[in-house]
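Structure first, commentary second.
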Amino acid sequence: MIKAVRGTRDILPPETALWNFVESAVRDVFRAYNFQEIRTPIFEATELFARGVGEETDIVSKEMYTWEDPPKLFEEYKKFYLEFTAAIREGRQGPGRALELSDLAGSQFLTLRPEATAGIVRAYIEHHLEKRGLNKLYLIGPMFRRERPQKGRYRQFYQINAEVIGPPSSGSDSPARDAEILEMLATLLDRLGITDWNLQLNSVGCANDREKFNAALRKALEPVVGTMCADCQRRAVTNPLRVFDCKVPEDQPIIQKLPRISQFLDEPCRKHFEEVQQILKSVGVPFVLNDRLVRGLDYYTRTAFEFTHGALGAQNAVLGGGRYDGLSEALGGPPAPGIGFAIGEDRLVMSLQETAESVLKKPDVYVAPLGAGMNREAARLARELRGQDLIVDLGDENFRLKKSFEAATRAGAKYILIVGENEVKADAFALKNLATGEQVSVPRGELARRIRETAQPLA
RNA sequence: GUGGGAAUAGCUCAACUGGCAGAGCACCGGACUGUGGCUCCGACGGUUGCGGGUUCGAUUCCCGUUUCCCACCCCA
């Protein structure tokens, strides 16, 4: 049997109804904040992510799905190898040279997107969206990372992203935008019925602050790192910021004494962060300051945040984001401050799984043809009813009536409509309410109204 | 990439120290020829994840492998 590949999965009904519920709530809420949808390709030039996300991040250095298109390197290597082995076998001189860079001319490296922001900023630059002033964009779609799967973590997973980006003159760097995004997220989660969320907020400063902070952090770690856990010793070398993620109890007293980014913010960054907090207080969005919150992508500046939720296991971050004021320039574009976030849709759906049944729309009526030739009549009736905006399921004339009833019940239909010879002659059809058992004969022209008026009060 | 657990019918799970692979639910048919849910009866359903080893005999023990789950790492 051919199975879905590791880390990928099929999302089946009725669970898909829950995904649609989430996505339509997202679209409604985002529209209220004047965000508009953007769709970008699922694969991009590898270089985009290398430069945008950062060569040193785990995402780029070990988790991307990358290939060569067309696969010349592989073809050239195969050719070389075959010639080489044939030469040895035949005892003659082998190929004169190994593979060179020029052999790769005409091919490029492509990557399945591991995140959305780089692609959106690429589109912003490519289409000169700075001419439009402030852009408020959102994107829903699959992302790909080659990680070991576990609860809430897949190799193909789905994100809901939103970005506010524009030239500085559009106010894109204003703390008002940070606060607006955070308030929108709080609204969305509440709307979805997720109430026990927790907003963790931090500022990671600008590039300048980070440089000073990193230097101070390295200096502070130097004398103590030898006594810390193996992971911390590794982090201290590769990415000192991540030491703050450590959960080993013995290391906590040491971490407590380390310098914090909050002590290194310059005056503009400090004021910016302060204003974000003041607006959040003003609109009543609760948050917790966490100056140990660091994010894994190189492009983040200033505001960084994470919404967590219990019942998600170890992967408890349901969404995360922050500001990325230098990203556009890093990709060769004009200055374009921005802030955005990514919601892990898989995790979001997981945290409201129990409501799956309640958002599923059931058929209003099951049309049951009865006897030879009745499929034709039933098809006409079903078409009429569907044209009246009813959800209609349709059976088959070969089903015995008992089987039609069972199928209608299983489908969860509110009504069953019997289409037999008697009904066709009279042009009035037996309509039975499957919940109450009440059955009446209804003239063709009144069917839709009859189904709708008694079906509505149930909802 | 590292560690732990698991894999048996469509689903959820049994099967004693190694001895005929089973149950419930679901599905299909019948009781009931144009009236469902309840009930009763019957039928169907398996390369025990895959490959190897030990054994008279392996779902069971051993080795390998794949996948899933959980955690680390990292992130959404």
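In what follows, chains carry the letters A, B, and so on, assigned in the order in which the sequence lines appear, proteins first and then strands, with residues in each chain numbered from 1.
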* Structure fact -> side-chain contact (heavy atoms from CB on, under 4.5 Å) filter on A:Ala116, not counting sequence neighbours, yields A:Ile120, A:Leu139, A:Met143, A:Asn161

* **Sequence-distant partners of A:Ala411, side-chain contact (heavy atoms from CB on, under 4.5 Å), two or more places apart** => A:Pro363, A:Asp393

* With sequence neighbours excluded, give me every salt bridge (charged side-chain N to carboxylate O under 4.0 Å, His left out) pair touching residues 437-446 of chain A. => A:Glu384-A:Arg444, A:Asp427-A:Arg444, A:Glu446-A:Arg449

Protein N or O to nucleotides 3-7 of chain B N or O, pairs below 3.5 Å:
from, atom 1, to, atom 2, distance (Å)
B:rG3, O6, A:Arg148, NH2, 3.2

* **Residue list, side-chain contact (heavy atoms from CB on, under 4.5 Å) with A:Ala45, at least two apart or on another chain** => none

* **Listed partners of A:Arg400 passing salt bridge (charged side-chain N to carboxylate O under 4.0 Å, His left out), at least two apart** => none

* For RNA chain B, produce a single dot-bracket line, 5' to 3'. Pairs: Watson-Crick or G-U wobble, both distances under 3.5 Å. Symbols: ( ) within strand, [ ] crossing, | other strand, . unpaired. => (((((((..((((.....[..))))..((((.......))))......(((((..]....))))))))))))....

* Structure fact -> residues 20-38 of chain A vs salt bridge (charged side-chain N to carboxylate O under 4.0 Å, His left out), sequence neighbours excluded, gives A:Arg27-A:Glu37, A:Asp28-A:Arg31, A:Asp28-A:Arg191, A:Glu37-A:Arg39

* Sequence neighbours left out, what passes salt bridge (charged side-chain N to carboxylate O under 4.0 Å, His left out) with A:Glu47? Give chain and number order. => A:Arg51

* **Annotated protein contacts, base or backbone, on nucleotides 36-49 of chain B with a non-hydrogen cut-off under 4.0 Å, one of B, S, - each** => BB------------

* Asked: Of all residues at least two apart in sequence or in a different chain, which pass the salt bridge (charged side-chain N to carboxylate O under 4.0 Å, His left out) check with A:Glu126?
  -> A:Arg122

* To do: Give every residue pair that meets the ring pair (Phe, Tyr, Trp, His ring centres under 6.0 Å) criterion with at least one member in residues 227-246 of chain A, sequence neighbours excluded.
  => none

